[in-house]
Every structure is written in C-alpha cells, then in structure tokens.
Number of protein chains: 2
Amino acid sequence: MMIVIATDTRQRMVRSAALLFREQGYSGTGFRDVIEHSGAPRGSIYHHFPGGKAELAAATAEWAGGVVERQIARAGRDGDPIAVLRGFVAGWREVLESSDFRAGCPIVAVAVESEAGPEAVAAAGHAFGRWQDLIAGTLRDAGVGRAEARRLATLVVAAIEGAIVLSRATRDLRPLRDVGRELEATLRAALPADDS
Amino acid sequence: MMIVIATDTRQRMVRSAALLFREQGYSGTGFRDVIEHSGAPRGSIYHHFPGGKAELAAATAEWAGGVVERQIARAGRDGDPIAVLRGFVAGWREVLESSDFRAGCPIVAVAVESEAGPEAVAAAGHAFGRWQDLIAGTLRDAGVGRAEARRLATLVVAAIEGAIVLSRATRDLRPLRDVGRELEATLRAALPADDS
DNA sequence: GTCTATACGAAGATAGAC
DNA sequence: GTCTATCTTCGTATAGAC
C-alpha cells in the first residue's frame, strides 16, 4: 500500500495524464499538455511529483488500474463471469467509440515504453495482475479449477487489450466484438454445465 | 502496392526504427536515435523521408508487418494451424527474452499513438489484417468454417499481442506462455476431429 | 502551494552548398 | 545523395521569490 498525499491538484493531474496517455502515449505527452488539460498551476508540477515524469507515469498507471479494477469488481458482484466479460468489453468499446478510435488503454501506453521507468512499468504490471485476480476469482467461484481459472483470466485480459489495439489500428469495432464473442464461448465451455 | 525507391540507407533506417520503436515507442524515438543506430548519414533523412517522421513510421509499420507476415507464411507451409500458433508465440518469446522484456511489437507502438499519423496507423492496421488473413486461411484449409476461422484468427493475433504487453509489464513469460496454451486448446477444439 | 524565470538539450524541419 | 548550418518549438528540470 502506497501512502500518497492526495490533493485536488495532484488528482486532477493524474486523471488528465491518463486521458492524454491513452491517445498520445507516455513520451508523446508532456507536462505542458497535462498542465493545460488539468488546469493545474504550472509551478506545482515538481511539488506534487518530485520524481518528475516517471513518478507521474507510475501514479497514472496505479490510478487508472484502480478505476478499471473497481469496474470489474462491480460487474462481478452477481458471481457471473460472463457478465464480467461483457462489462469489460462494453467499457472499452465506449472508450473507442467516444474517441473515434483515438484512445486506448493508458496502462498499455505506460507498459510499452521502457522509458517510463521501472516503477511505472511495475505499476502497470500490478494493475494487470489485479484485473486477472478478480476475473480468476469469479471463475473459481463459478466452479472452474484454480490453475485453469488463472490462465483463462490472463487470456481474457490479454485478448481484450490486444483487441483494443487492433480496433484502433483498423478503426473498426470488429476485432473487439469478435474477440469478446470468442472469449464468451471459451468461458462457457470451461464453466461446469448448469441444467437449472 | 506502394512504389518505393529502395536504397540501402533507407532500408537500414527503417530497420533501426523498428528496433527502436519496439522499446521506446514512436514519440520516444527521435531521428537522432535512428541516425545513430543505423549509421545513416544525417543529411539524408528528408531525402529518404520527405514526409518526415510520419512517413518513417508508416514505412516501419509496413516493413515490420511484412517480416512477421513471411514468418507466419513459412510456419504455415505444412497446413497445420497449431504449428503456426507455436511459431508465432516462439518468435515473440525470443523478442522478450533477448531484450530482457524491454522490447515488444513495433506495430503496436505505432498503433497506440495517434500522433504517428493516419497513414502509419493504417499501415499498422493493414499488417494486423494480413496476419489474420494468413492464420484464418490455415484454419479454413484445416476444415474450420469461414466466419469462425476469421474470428479465431483475430483472437489469436489480439491475445498474443496483448500477452506481449502483459509479459513486458510483469517481466514474466507466464502471460505469453499461458495465453499460448489456452489458444492452442481453443484451436484444437475448433478443428474437425482427426482420428488418423 | 504556487509563482516566474531560466537553464540546456533535443525535437522536427528547412535551406542551400557540394 | 549527403553535407552543414540554422530556425523554432518543445522537452524536463531547477532556483528562488512570494
């Protein structure tokens, strides 16, 4: 657990960074952009982020990871893995549609640039791990074996993140839609038969 | 079909850009880096790429896409979709291992940065499409229906690209390995039973 | 917590000689 | 095809006042 002095300004900067990262990536986004987008005062950058841009990247990955994490947890309250999958896909479809395919996942943006620094990359890995844990938990609760649940959860996260990239590149929702459909079939096949 | 005046210098620059993009991304890689890495003469940048960095990005996505495409075609000569999948996974594992998890897919690097320009993003989308076409073709030849083959091919490309990102972020080959394993099971289940 | 000012290198891009 | 020189903007980061 990281202890962070939370302020409105810092929080707004992190949120803006997430929105900018998912379109322009880490290197493509400067403090200049973050300041403008968040309306934060210019002089407060290194007050809130003494570690500079690398610290901002780590905080952004952590925050964005938490947002998605809570979304997954909410969709999984009924214990239905298929509902979790559908909610996950729907959330990303909304990101693609509302941005005209310009935006993707901010965690991916951090993960694919080693320059963001080891802490930021680790925060991205931690976020992906938490998502997988939540999804695997729903699968286990639905009767899937532990090891298989883990592998399936990894497949779900990887396939959807990849589908987002494919959909952005082709400016077409088909990859995300088809991957969602195939994943749904895969999960159904792995779940114990329910004759009720 | 694009007509390009191919020269050694231009070719070396494109190759270097691909190697740099997969670690640092598009925005994180400057012409400076490309010149240094390729040993190309400084004054020849805008001779070979009148369109500037955006043209370099498009050429890089196209070239890297072709390299992987030929690799897929080679692995598919025997008509075995499982062999194609394994070759695909093995190729990316080598990239991750040999770079200590610093390198990923250069096409993804271009696809996730809108700043690279529409032509470059389209080139990335075209590359992904070609890979899917080849994989879908192998599946159809093995007896899978047209629509299902297409969806499965999309799943394979998306899941593996996503797994590369997850493996980079966690500095662990497990995501790529587990996704490869699950995809293999999925393909086997989709192929017509073979009792020979 | 926020300000201005500033350092200093690097970015992409262009011009014109050779 | 390649060179050097140069333009302009932007990048991160720091110093020190308020």
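Letters A, B, ... are given to chains in the order of the sequence lines, protein chains preceding strands, and every chain is numbered from 1. Only this structure's heavy atoms are used, side chains among them; waters, hydrogens and symmetry mates stay out. Source: prediction; values computed, not measured.
Not one side-chain nitrogen or oxygen of His47(A) sits closer than 4.0 Å to the OP1 or OP2 atom of dT2(C). One finds no side-chain N or O of Ser44(A) lying less than 4.0 angstrom from the OP1 or OP2 phosphate oxygen of dC3(C). Side-chain N/O atoms of Arg32(B) include one lying less than 4.0 angstrom from OP1 or OP2 on dA11(C).
Residue-to-nucleotide proximity on DNA chain D shows that, of Gly43(A) and Phe31(A), the 5′-proximal contact is made by Phe31(A).
Look at CD1 on Ile35(A): it is 15 Å from P on dC10(D), rounded to the nearest Å. One can place NE2 of His48(A) at 16 Å from P of dA13(D), the figure rounded to the nearest angstrom. For the pair Lys53(B) NZ and dT14(C) C1', the computed distance is 18 Å after rounding to whole Å. In this structure, Gln24(A) places its CD atom 10 Å from P of dG11(D), rounding to the nearest Å. The distance from atom CD of Glu55(A) to atom C1' of dT12(D) is 14 Å, rounded to the nearest whole Å. Across the protein-nucleic acid pair, Ile45(B) atom CD1 and dA15(C) atom P stand 16 Å apart, rounded to whole Å. The separation between Met13(A) atom CE and dT12(D) atom P is 11 Å, rounded to whole Å. The nearest whole Å value for the distance from the CD atom in Glu115(B) to the P atom in dA11(C) is 15 Å.
For the residue pair Arg174(B)/Thr154(A), the side-chain donor-acceptor check at 3.5 Å is satisfied. Side chains of Gln24(A) and Thr29(A): a donor on one and an acceptor on the other come within 3.5 Å. In this structure, a donor-acceptor pair under 3.5 Å is absent between the side chains of Thr186(A) and Glu182(B). For the 3.5 Å distance criterion, the side chains of Glu23(B) and Ser99(B) fail to qualify, holding no donor opposite an acceptor.
Residue contacts shown for Tyr46(B) include a base, since a base heavy atom lies under 4.0 Å away. Within the 4.0 angstrom heavy-atom criterion, only backbone atoms of the sugar-phosphate kind lie near Thr29(B); the bases stay farther away.
Residue Thr9(A) has its side chain nearest to dT2(C) when only dG11(D), dT2(C), dG12(C) are considered.
Salt bridge annotation for Glu148(A)-Arg151(A): present, with a cationic side-chain nitrogen under 4.0 angstrom from a carboxylate oxygen.
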